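Taking it in order: structure first as structure tokens, then the write-up.
Fair warning: this is a prediction, and the values are worked out from it, not measured in the lab. Reminder, nothing fancy here: chain letters follow the sequence lines and each chain counts from 1.
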There are 2 protein chains.
Amino acid sequence: MSLDIDSALQLRRNQSLTSIIRHELEQMIERGELSAGERLNENALAARLGVSRGPIREACRGLEQSGLVNVVVNRGVFIRALDGREAAELYEIRAALYGLAGRLLAPIVTDEQVAILSGYVAEMDAAMAAGDLNSFYPGNLRFHEAIVEFGGNGRLAAECAAIHREMHLLRRRTLDMPGRMTTSNDEHRAILERIAARDAVGAEAALEEHVLISRSALFGPLGHYPDT
Amino acid sequence: MSLDIDSALQLRRNQSLTSIIRHELEQMIERGELSAGERLNENALAARLGVSRGPIREACRGLEQSGLVNVVVNRGVFIRALDGREAAELYEIRAALYGLAGRLLAPIVTDEQVAILSGYVAEMDAAMAAGDLNSFYPGNLRFHEAIVEFGGNGRLAAECAAIHREMHLLRRRTLDMPGRMTTSNDEHRAILERIAARDAVGAEAALEEHVLISRSALFGPLGHYPDT
DNA sequence: GGATCTTAAACTGTTGACAATCAGCAAAAG
DNA sequence: CTTTTGCTGATTGTCAACAGTTTAAGATCC
């Protein structure tokens, strides 16, 4: 019984099975338990989670709209596989959105928020010193989340989170590359510096560049992508 | 050799009731037949469309994820009402995305594409001369759609279309304001000029400004939004 | 008359069953 | 030996019924 759906049911107050299942599936995709291209068997999922197929189908429609799965009529839902072109496109969009987040945040950032962001960078420095990717990754995630949260545009934060979920499989691969951790944290420091200086244009540029460098780490310096 | 997902996607026919209903509901919202805050009655919809509640519920889950409706547990799905804050946030995101589209398009635009965009501007000029909003609006839509399409980032185009759908009720209101048509087309001409000059930075700036001016028309020059 | 409790209707959440469709396999045809 | 055809089990699409919740009207009490 790898899945604690029962405890989720106990915690459930005003949530429907559909939303619980959707959240569960999102996490399974994020944890890599469901790999790209894999098909979701509605009956098996229903049996495993102890519910009927209705809520599962509803959850899958939500996942489809948020880009995590593909639904093929009469054949089922498949964990979406990001090909090179789509991933490159997502990186471009992500760069623009994070750039916007930085531009919004820089003029209004508080000293407390700067301190929090500094804390994340320090966390990542520590993880880097220990060569520990598993510690580096959450710090990295919180750093970016905080920037969009503090920016004050809630919808932008939601949109960035959605894109992040969608790119999850790719992103880990990128950060896994040797030397990527240190480079990445240098960039984080530069971003933080521009934000702390209340430099909107500089923060925007630093964040855009940061995302595009991640893309380069995946596709090569020219932004090429595999033709698959 | 078994079919893989890609070929399955090619075989896909969007003929499930769920997708048909979702499309139908999207159009009803776009046409204003369903007004903001209104509740969707599953039984009534099922009877009217001649289907059972299952596909309708699935369609609503997709609509929820794309931001067109809110789902409240045990109370139903409601056509989403964009309050001032959310609309302002969407405008900011839209400005960034259209800016990106312009930056992508300018370096790679073909003469044929410039001609097509010119045609749309001319269409809008004609509509403007006739004072005909109903002709101006589709031209405006096609102009913006074409820019993101020609930019070559398919996902960006999809994302812009989704935001457009979500803002549909608001946008019409904006364009309805006296004098907005002419101002708007002057901006279109400026955008086109920067694109035709293959000026990425200029096109980006012109498109961003264009969207933010639309926002100002709705919220006032300082970007304030009603506190509802 | 107004507020509160009671109760029934309406509605949503969930389920199990039935129908339609698909992948795989085996036998028949060339 | 290869291709085609026709099954068969598995899986998805859809539906109708049941269960739990919300809403609203009516009754009761102050």
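Within residues 58-69 of chain B, no residue has a heavy atom under 4.0 Å from DNA chain C.
A/R215 and A/A88 get closest at one heavy-atom pair: NH1-O, 3.7 Å. Scanning all heavy atoms of the two residues, the minimum distance from B/I108 to B/F150 falls at CD1-O, 3.8 Å.
The nearest whole Å value for the distance from the CD1 atom in A/I56 to the P atom in C/dG13 is 17 Å. Separating the CD atom of A/Q15 from the C1' atom of C/dT14 is a distance of 16 Å, rounded to the nearest angstrom. Counting to the nearest Å, the P atom of C/dT15 and the CZ atom of B/R53 are 13 Å from each other. Between the CG atom of B/L17 and the C1' atom of C/dT21 there is a distance of 14 Å, given to the nearest Å.
Between atom CG of residue A/L25 and atom CD1 of residue A/I56 there is a gap of 7.5 Å, rounded to the nearest 0.5 Å.
B/R142 pairs by the salt bridge (Lys or Arg N to Asp or Glu O under 4.0 Å) definition with B/E123, not counting sequence neighbours. Judged as a salt bridge (Lys or Arg N to Asp or Glu O under 4.0 Å), and not counting sequence neighbours, the contacts of B/E33 are B/R31. For A/E209, the side chain to side chain contact (heavy atoms under 4.5 Å, CB included) partners are A/I213, not counting sequence neighbours. A/A96 pairs by the side chain to side chain contact (heavy atoms under 4.5 Å, CB included) definition with B/L100, not counting sequence neighbours. Among residues two or more places apart in sequence or in another chain, the salt bridge (Lys or Arg N to Asp or Glu O under 4.0 Å) test is passed with B/R48 by none. Among residues two or more places apart in sequence or in another chain, the salt bridge (Lys or Arg N to Asp or Glu O under 4.0 Å) test is passed with B/E42 by B/R53, B/R57. Legend: residues meeting side-chain hydrogen bond (donor to acceptor under 3.5 Å, both in side chains) with B/Q65, ordered by chain and number and at least two apart, are A/R22. Listed by chain and residue number, nothing satisfies the side-chain hydrogen bond (donor to acceptor under 3.5 Å, both in side chains) test with B/S52 (two or more places apart in sequence, or in another chain).
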Below 3.5 Å is the cut-off: list the nitrogen or oxygen pairs between protein and nucleotides 5-9 of chain C, distance only.
none

Collect all protein-nucleotide pairs involving nucleotides 5-7 of chain D in which both atoms are nitrogen or oxygen and the distance is under 3.5 Å.
none

Between the protein and nucleotides 8-11 of chain D, list every N/O to N/O distance that falls short of 3.5 Å.
residue, atom, partner, partner atom, Å
D/dT11, OP1, A/N41, ND2, 3.1
D/dT11, O3', A/R39, NH2, 2.9

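Under a 4.0 Å N-O distance rule, the pair B/E166/B/R80 qualifies as a salt bridge.
Aromatic ring centres of A/H210 and A/Y98 lie farther apart than the 6.0 Å criterion allows.
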